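Only a predicted model underlies this, so the values are computations on that prediction, with no experimental measurement involved. Atoms within a ligand are numbered from 1 in the order they appear, just like the ligands themselves.
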Amino acid sequence: MRVIECIKDLKAVVRTQKRQNRSVGFVPTMGYLHEGHLSLVKMSVRDNDMTIMSIFVNPTQFGANEDFDKYPRDMDRDMKLAEMAGVDIIFAPTVKEMYPDGYKTYVEVEDITKVLCGKSRPGHFRGVTTVVAKLFNIVEPEKAYFGQKDAQQITVIKKMVKDLHMNLEVITCPIIREEDGLAMSSRNVYLSNEERKAAVILSKSLFEAEKIVLDGEKRKSKVMEHLVKRIHSEPLAKIDYIEIVDSDDLKEVEVLEKNTLIAVAVKFGNTRLIDNVLVGG
Ligand code: PAF
């Protein structure tokens with residue numbers, strides 16, 4: 001496995017791959033890898049001749065009061081895990097390499113970035129689409145792999161890829177969970193022991209909601225009522241949002257039919273966690 005920091009060097013490797021008709025799979029990450037990231041790598045290794053993973057904590061997707069500085073980083077550990085999982089190249093650019101002085105260009109998807117997480121994190125998705133568009137241009141993958149945990153991110157990236165006629169397939173991979181159900185996230189390390197225990201309420205309440213729908217309840221009001229009650233039953237949980245939306249356009253639905261996303265964002269202390277289930281898929 002090679003670690004490359006320069007865009008120019010990575011482009012040279014990609015050019016050679018293309019000349020040899022070898023497919024490139026891409027796993028974009030901000031590092032501090034967990035089983036969720038490694039499951040994306042597994043899919044990419046299975047489907048492609050070469051797997052490139054980016055590790056870049058992207059400053060443009062963090063708000064001024066967010067956790068860019070304290071976002072967990074451990075390059076040595078990440079390199080070992082990535083190599084064991086079958087990554088061929090880690091692309092780990094510096095902020096200066098990605099955003100040199102005088103940088104002025106941003107990519108923005110409208111409307112669907114203003115709801116759910118976009119409401120409490122203004123500018124977040126503009127940063128995500130900007131960096132992902134840049135990474136796609138550098139890596140030129142045939143396929144790029146993203147986790148379903150960031151459901152809105154996937155909807156937004158798929159829309160960007162479609163609207164900008166980008167030449168790649170975005171693959172959605174299932175959420176990987178801890179044994180008690182908590183969705184894996186690099187931010188879980190911020191949780192105190194008490195908060196970590198309390199955070200199980202997210203997956204618990206979502207699985208219950210899923211069961212309620214599978215058992216025949218299709219009214220949003222009823223499913224919502226259950227979610228609010230269950231999450232509020234956990235004193236450490238402070239709800240940011242609970243939304244029931246169409247997973248393609250993120251518009252609210254009144255009746256849970258095909259492709260409905262039940263998504264929650266909840267704060268435990270200073271840590272904001274998200275989780276979701278897709279029903280009627
Ligand atoms: O999901 C993430 O880790 C990030 O948002 C991504 C896609 C790597 C862009 O920085």
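Ligand 1 has no nitrogen or oxygen under 3.5 angstrom from a nitrogen or oxygen of Asn58.
With respect to atom 5 (O) of ligand 1, the closest heavy atom belonging to the protein is Gln153 OE1, 2.7 Å. Protein heavy atom at the shortest distance from atom 9 (C) of ligand 1 is Gln61 OE1, 3.3 Å. At the top of the distance list for atom 3 (O) of ligand 1, counting protein heavy atoms only, stands Met30 CG, 3.6 Å.
Of all atoms in ligand 1, listed by their number and element, those nearer than 4.0 Å to a heavy atom of Thr29 are 8 (C). Of all atoms in ligand 1, numbered sequentially from 1 with element shown, those under 4.0 Å from a heavy atom of Val131 are 9 (C), 10 (O).
The side-chain tip of Arg77 points at the ring of Tyr32 from less than 6.0 angstrom away and within 45° of straight on. A cation-pi arrangement is present between Lys70 and Tyr190, with the terminal nitrogen or guanidinium carbon under 6.0 Å from the aromatic centre and inside a 45° cone about the axis.
Under the 3.5 Å distance criterion, with hydrogens and angles disregarded, a donor-acceptor pair is assigned to the side chains of Lys158 and Thr172. A donor-acceptor contact under 3.5 angstrom links the side chains of Tyr145 and Asn48, judged on distance only.
Taking each heavy atom of Met79 and Met1 in turn, the nearest pair found is O-CE, 3.4 Å.
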